[in-house]
Chemist: 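A single structure is presented below for examination.
First the proteins, then the strands, lettered A, B, ... as listed; each starts at 1.
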Number of protein chains: 2
Amino acid sequence: MEAKSPKRMTKQRRIILEELRKLTSHPTADELYEIVRERLPRVSLGTVYRNLEVLSESGEILKLESAGSQKRFDGNPMDHHHVRCMGCGRVGDVEVVGDATLPALENFRCDGFSITRGTLEFTGLCDACKDKLDEEGAMPEAATQTRQ
Amino acid sequence: MEAKSPKRMTKQRRIILEELRKLTSHPTADELYEIVRERLPRVSLGTVYRNLEVLSESGEILKLESAGSQKRFDGNPMDHHHVRCMGCGRVGDVEVVGDATLPALENFRCDGFSITRGTLEFTGLCDACKDKLDEEGAMPEAATQTRQ
DNA sequence: GTAAATGCAAATTGTTTGCTTACTG
DNA sequence: CAGTAAGCAAACAATTTGCATTTAC
């Protein structure tokens, strides 16, 4: 279901891929656009979107559609787990430590669906958002919204 | 961090909540809007959005931000796991069967984040999308996109 | 009676697409 | 030199917001 190489390696595609791979931050398309723009000042946001699409189809990167309202991208295409900050939408990598192992996929039952990937997304809070909540103390009203 | 009751129980809010609770389908805002409209023909989509927001802040429903490009909502606010169809974005409930137990949250390490909820999101394929893929056979090009 | 919520429409935001030109293989 | 990809702008889709009016408490 994946891993066909992209057709042409243009300068833009190569640089987009290089910059994404340098990051562990799972950037959104426009965050990456800003970064790529330092090396390719005339690149367009549309090109970034198109290439991220192509690269994720070919399995070179991961498209994290399940990351809130904005899509995020991961330069590491290996299967691994993620946490998503419920405050700001940021995504981090999660590793399983100690002797813990996840139950096999057969242990999860869901009618009408077949689970194809055992990669999980946890819900959490990043340090920045946690600090913000702590400061706000008995936070005035709706301080728990999702922005980005 | 949650469970303050909404301020006023308007007819719209009550009906939106009732209809959402009847469903197990994790509808999007506009799917629910269409349903609610049968009982409240003059309701507006904005009102549906506003109420889904308020109800999820108060902990009466779940907002599944991690459900692809469109947010989905769950009338069951208890912690439970979800599968998201990578084909169409639909979301289903997942239950853990047999003697399987998830590792405790301490067994997951993620720098800069604290995991607050152990509810997981799996990636899968719903029956409809699976059938579609099967029919397409050696599917011509990019047949694995997310639409909804 | 008053603050909160509605309906409607317009504004925002994130993403995709059409088209002409440029460049890779 | 053939066809894929870029750049740019316009189109789209999902969600949010401003405002005048209505309604729950």
Chemist: Suppose we screen for salt bridge (charged side-chain N to carboxylate O under 4.0 Å, His left out). Which residues come up paired with B:Glu34, at least two apart in sequence or across chains?
Modeler: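 For B:Glu34 the salt bridge (charged side-chain N to carboxylate O under 4.0 Å, His left out) partners, ignoring immediate neighbours, are B:Arg37.
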Chemist: Could you state the atom-to-atom distance from CD of B:Glu57 to P of C:dA5 in whole Å?
Modeler: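 Taking atom P of C:dA5 as the reference, CD of B:Glu57 is at 11 Å.
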Chemist: From NZ of A:Lys63 over to P of C:dT15, roughly how many Å is that when rounded to an integer?
Modeler: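 Nearest whole value for this atom pair: 10 Å.
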Chemist: Show me the protein contacts with nucleotides 20-23 of chain C, counting only N or O atoms at under 3.5 Å.
Modeler:
none

Chemist: If I take atom CG in residue B:Leu40 and atom P in nucleotide C:dG7, what distance separates them, rounded to the nearest angstrom?
Modeler: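 Rounded to whole Å, this separation is 7 Å.
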Chemist: Might you point out which heavy atoms bring A:Asp93 and B:Cys110 nearest each other, and give the distance in Å?
Modeler: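 Closest approach of A:Asp93 to B:Cys110, heavy atoms only: O-CB, 3.2 Å.
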Chemist: In the hydrophobic clustering that connects Ile, Leu, Val, Met, Phe, Trp and Tyr at side-chain heavy-atom distances below 4.5 Å, which members other than B:Phe113 occupy its cluster, ordered by chain and number?
Modeler: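 The other cluster members (ILVMFWY side chains, heavy atoms under 4.5 Å, direct or chained) are A:Val83, A:Val94, A:Val96, A:Leu102, A:Leu105, A:Phe108, A:Phe113, A:Ile115, A:Leu120, A:Phe122, B:Val83, B:Val94, B:Val96, B:Leu102, B:Leu105, B:Phe108, B:Ile115, B:Leu120, B:Phe122.
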Chemist: Restricting to non-hydrogen atoms, name the atom on B:Arg72 and the atom on B:Cys88 that form the minimum distance, rounded to 0.1 Å.
Modeler: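 Minimum heavy-atom separation between B:Arg72 and B:Cys88: NH2-O, 4.4 Å.
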Chemist: Ignoring backbone atoms, test whether B:Gln12 places a side-chain nitrogen or oxygen under 4.0 Å from the OP1 or OP2 oxygen of D:dT23.
Modeler: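 For D:dT23, OP1/OP2 do not have a side-chain N/O of B:Gln12 under 4.0 Å.
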Chemist: Does C:dG7 have its OP1 or OP2 closer than 4.0 Å to a side-chain nitrogen or oxygen of B:Thr47?
Modeler: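 The answer is yes; a side-chain N or O of B:Thr47 sits under 4.0 Å from OP1 or OP2.
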Chemist: With clusters built from Ile, Leu, Val, Met, Phe, Trp and Tyr whose side-chain heavy atoms come within less than 4.5 Å, directly or transitively, what are the remaining members of the cluster of A:Val97, listed by chain and number?
Modeler: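 Noted: A:Val97 shares its cluster with no other residue.
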Chemist: Please list, chain by chain and in numerical order, all residues satisfying side-chain hydrogen bond (donor to acceptor under 3.5 Å, both in side chains) with A:Ser25, sequence neighbours excluded.
Modeler: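 Result, side-chain hydrogen bond (donor to acceptor under 3.5 Å, both in side chains) vs A:Ser25: none returned.
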Chemist: In terms of the angle between their ring planes, are B:His80 and B:His26 parallel, tilted or perpendicular, with boundaries placed at 30° and 60°?
Modeler: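 The rings of B:His80 and B:His26 sit tilted, inter-plane angle from 30° to 60°.
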Chemist: For A:Gly75 and A:Arg21, which heavy atoms make the closest approach, and how far apart are they?
Modeler: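 Nearest pair, atom of A:Gly75 first, then A:Arg21: O-NE, 3.7 Å.
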Chemist: Answer yes or no: does a side-chain N or O of B:Thr10 lie under 4.0 Å from OP1 or OP2 of D:dT23?
Modeler: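 Negative; the distance criterion is not met.
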Chemist: Compare side-chain N and O positions of B:Lys71 against OP1 and OP2 of D:dT16 and report whether any pair is under 4.0 Å apart.
Modeler: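 Affirmative; the distance criterion is met.
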Chemist: Figure out the CG/C1' separation between B:Asn51 and C:dG7, and round it to whole Å.
Modeler: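 B:Asn51 atom CG is separated from C:dG7 atom C1' by 12 Å.
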Chemist: To the nearest Å, how far apart are A:Met9 CE and D:dT4 C1'?
Modeler: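 In whole Å, D:dT4 C1' lies 13 Å from A:Met9 CE.
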Chemist: Is the phosphate of D:dC8 approached by A:Arg42 (side-chain N or O, under 4.0 Å from OP1 or OP2)?
Modeler: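 Answer is yes, contact under 4.0 Å.
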Chemist: Could you tell me how far apart B:Leu52 (CG) and C:dT6 (C1') are, to the nearest whole angstrom?
Modeler: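 Checked: the CG to C1' distance equals 15 Å.
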Chemist: Identify the pairs formed between an N or O of the protein and an N or O of nucleotides 17-19 of chain C at a distance under 3.5 Å, and give each distance.
Modeler:
residue, atom, partner, partner atom, Å
C:dG18, O6, A:Arg50, NH1, 3.4
C:dG18, O6, A:Arg50, NH2, 3.3

Chemist: Tell me the interatomic distance from A:Ile16, atom CD1, to D:dA5, atom P, rounded to whole angstroms.
Modeler: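 It is 12 Å, rounded to the nearest whole Å.
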Chemist: Mark yes or no for whether B:Arg13, through its side chain, and B:Arg8, through its backbone, hold a donor-acceptor pair below 3.5 Å.
Modeler: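 Checked: pair present.
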Chemist: Could you tell me the separation between the CZ atom of A:Arg72 and the P atom of C:dT13, rounded to a whole number of Å?
Modeler: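 Roughly 17 Å, once rounded to whole Å.
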